[in-house]
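In what follows, chains are A, B, ... by sequence order, proteins preceding strands, each numbered from 1.
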Protein chains: 2
Amino acid sequence: MASARRPERDPTRPVYVISVAATLVEAHPRTLRIYEDEGLVCPARTPTNIRLYSEEDIRRILWIRHLTRDRGVNLAGVRTLFELEERLGKRILEALYDEGTREHGGDRESRAATAATPRPADDPEPSR
Amino acid sequence: MASARRPERDPTRPVYVISVAATLVEAHPRTLRIYEDEGLVCPARTPTNIRLYSEEDIRRILWIRHLTRDRGVNLAGVRTLFELEERLGKRILEALYDEGTREHGGDRESRAATAATPRPADDPEPSR
DNA sequence: AGAACCTTGACAATGGCGTTGTCAAGGTTT
DNA sequence: AAACCTTGACAACGCCATTGTCAAGGTTCT
């Protein structure tokens, strides 16, 4: 255990460089840059222009991965969905998970991204 | 008798065979069958299995055309959007049209009444 | 300083999808 | 019978998503 409270773990805080972020979401760094070019993710930058992804950015990318890989939605569809979400001001995308979870048990890695982090997975400190 | 003097022109009433429907939406009949195979449109059938599209079906197809052609969304994206719309129970897609037209209106509740679709030409008189 | 990583930009390959189009063999409508 | 519908198959064109690499240069860490 020893996982005491960590109130200062701000999910908006930019912490991961692109290589780490790519590992976290299981994608190529190239892909993350494409997502940014497409306006789907906007990672922060260091004063010297290095991308830094926050926990929220990671979660957003995981949404993109889910929509594209599992649902076959293309980036234009993702953009439209995000736009809709922004316009309606809600996390409307979560409604999509009422279906994928109540399936026959042939699923591995059941994703439980209901309203919170799919799996906080105590992030390893990027000590390197 | 047994009919209103003014034909209500029920938008759910199946009236167009596939060739006519294809003309209305400017698509190939093949495409409409694909939409049906993908579960995006469900035209009624005559007792002898002939497809009959209603006005609502036509409007739905026009949505698909708009999303795919103008926005670049693929069919998987369209399906997700429709699913979301069904799940949230409203015509959420109309929110997508507030983009190109309005920007900084300043009014609180004036677009609720004008819920019509600007682009796909909701023609009340199909006199083709 | 040097190694390791980041930056943008370009180019390419692979695989998949959207759409249109056609052919066949048969049913329906007029 | 002619014209239209049905399903199913096959194909082609062009676009897209993703991964990958190369180059030339900036940043960070040891």
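- Taking the salt bridge (Lys or Arg N to Asp or Glu O under 4.0 Å) definition, one finds that B:R33 meets it with nothing, sequence neighbours left out.
- Counting to the nearest Å, the P atom of D:dT27 and the CZ atom of A:R45 are 13 Å from each other.
- Across the protein-nucleic acid pair, A:I18 atom CD1 and D:dT19 atom P stand 12 Å apart, rounded to whole Å.
- Closest approach to the B:S19 side chain among C:dC6, D:dC4, C:dT7 is made by D:dC4 (side chain taken as heavy atoms from C-beta onward).
- For B:E36 and D:dC5, the CD to C1' distance is 13 Å, given to the nearest whole Å.
- By the salt bridge (Lys or Arg N to Asp or Glu O under 4.0 Å) test, B:E86 pairs with no residue at all, sequence neighbours left out.
- A:R79 pairs by the salt bridge (Lys or Arg N to Asp or Glu O under 4.0 Å) definition with A:E38, not counting sequence neighbours.
- Under the rule for a salt bridge (Lys or Arg N to Asp or Glu O under 4.0 Å), the partners of B:R45 that lie at least two apart in sequence or sit in another chain are B:E36.
- Cation-pi check for B:R60 over B:F82 is met; the charged atom lies under 6.0 angstrom from the ring centroid and within 45 degrees of its normal.
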Query - Under 4.0 Å protein heavy-atom contacts per nucleotide of nucleotides 17-30 of chain C, with B for base, S for backbone only and - for none - result: -SBBBB-----SS-
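- Note: CG (B:L32) to C1' (D:dT6) measures 14 Å, nearest angstrom.
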Sequence neighbours left out, cut at 3.5 Å: what donor-acceptor pairs do the side chains of residues 18-30 of chain A make with other protein atoms?
residue	atom	partner	partner atom	Å
A:T23	OG1	A:S19	O	3.0
A:H28	ND1	A:R30	N	3.0

